[in-house]
Engineer: 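Could you have a look at this structure, given as structure tokens, before my questions?
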Amino acid sequence: MPKMEPELKAAALARLRVTLRRLALFSLACAILAVAFTFKNSDAPSIHLLLAVAILTGGSVLVATFLMALIFYSANSGHDAEAHDAQQHIDKDPR
């Protein structure tokens, strides 16, 4: 696979940044929903419980979506093909 032009890589990186901002907002919304659900269904929730739910839910969603976005960016930008080509050169080395 040929290397991408710098303009295309810059555009792909800009798309990744926009996607990551949207995913951060999505993770914040998931954390707020989880806290609201916990608050509604618990008799006397402590602030510690609500903070833990918010941090764990938001953090889990953020990490998962970030890694998926990074996989798609890597595949679209040609980094995977470059790594695959480098591995073929290493495998052919007679040493």
Side-chain angles (χ1 to χ4, degrees):
M1 177 177 206
K3 291 185 179 183
M4 289 181 67
E5 297 294 325
E7 297 85 21
L8 294 176
K9 279 192 177 185
L13 189 58
R15 273 194 321 262
L16 177 67
R17 286 185 183 138
V18 169
T19 302
L20 291 179
R21 283 188 196 114
R22 289 178 182 167
L23 292 175
L25 290 175
F26 176 71
S27 109
L28 181 64
C30 288
I32 290 170
L33 285 173
V35 167
F37 184 74
T38 303
F39 187 77
K40 180 183 175 191
N41 292 329
S42 182
D43 291 335
S46 69
I47 189 69
H48 299 101
L49 173 67
L50 298 176
L51 282 173
V53 167
I55 291 170
L56 292 176
T57 303
S60 298
V61 171
L62 186 64
V63 167
T65 56
F66 172 75
L67 291 175
M68 286 302 296
L70 198 59
I71 288 170
F72 286 119
Y73 170 74
S74 177
N76 290 336
S77 66
H79 287 95
D80 293 342
E82 291 174 13
H84 182 69
D85 292 342
Q87 185 62 36
Q88 287 180 347
H89 294 303
I90 291 172
D91 290 342
K92 290 181 182 179
D93 192 18
R95 292 186 258 163

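All values reported here derive from a predicted model rather than from experimental measurement.
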Engineer: Calculate, to the nearest 0.5 Å, the distance between atoms CG and CG belonging to Leu13 and Leu20 respectively.
Structural biologist: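 Here the rounded value is 9.0 Å.
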
Engineer: Linking I/L/V/M/F/W/Y whenever any side-chain heavy atoms sit under 4.5 Å apart, do Tyr73 and Phe66 land together?
Structural biologist: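 Per the 4.5 Å side-chain linkage, Tyr73 and Phe66 are co-clustered.
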
Engineer: Same cluster for Val53 and Phe39 if Ile/Leu/Val/Met/Phe/Trp/Tyr side chains link at under 4.5 Å?
Structural biologist: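 Looking at the clustering, Phe39 is in the same group as Val53.
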
Engineer: Between Leu49 and Val35, is there a shared hydrophobic cluster once you connect ILVMFWY residues whose side-chain heavy atoms come closer than 4.5 Å?
Structural biologist: yes

Engineer: What is the minimum heavy-atom distance between Thr19 and Ala69, and which atoms define it?
Structural biologist: CG2-CB, 4.4 Å

Engineer: From Ile32 CD1 over to Thr57 OG1, what is the distance, rounded to the nearest 0.5 angstrom?
Structural biologist: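 Output value for this atom pair is 11.5 Å.
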
Engineer: Is it true that a side-chain atom of Ser60 and a backbone atom of Leu56 form a donor plus acceptor pair closer than 3.5 Å?
Structural biologist: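 Yes; at least one donor-acceptor contact below 3.5 Å.
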
Engineer: Following the transitive rule for hydrophobic clusters with a side-chain heavy-atom cut-off under 4.5 Å over Ile, Leu, Val, Met, Phe, Trp and Tyr, establish whether Leu67 and Leu16 coincide in one cluster.
Structural biologist: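 Yes.
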
Engineer: What's the spacing between Thr65 OG1 and Leu70 CG if we round to 0.5 Å?
Structural biologist: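 Output value for this atom pair is 11.0 Å.
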
Engineer: So, for Ser27 and Gly58, which heavy atoms are closest and what is the spacing to 0.1 Å?
Structural biologist: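 Shortest heavy-atom contact: OG-O, 3.4 Å.
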
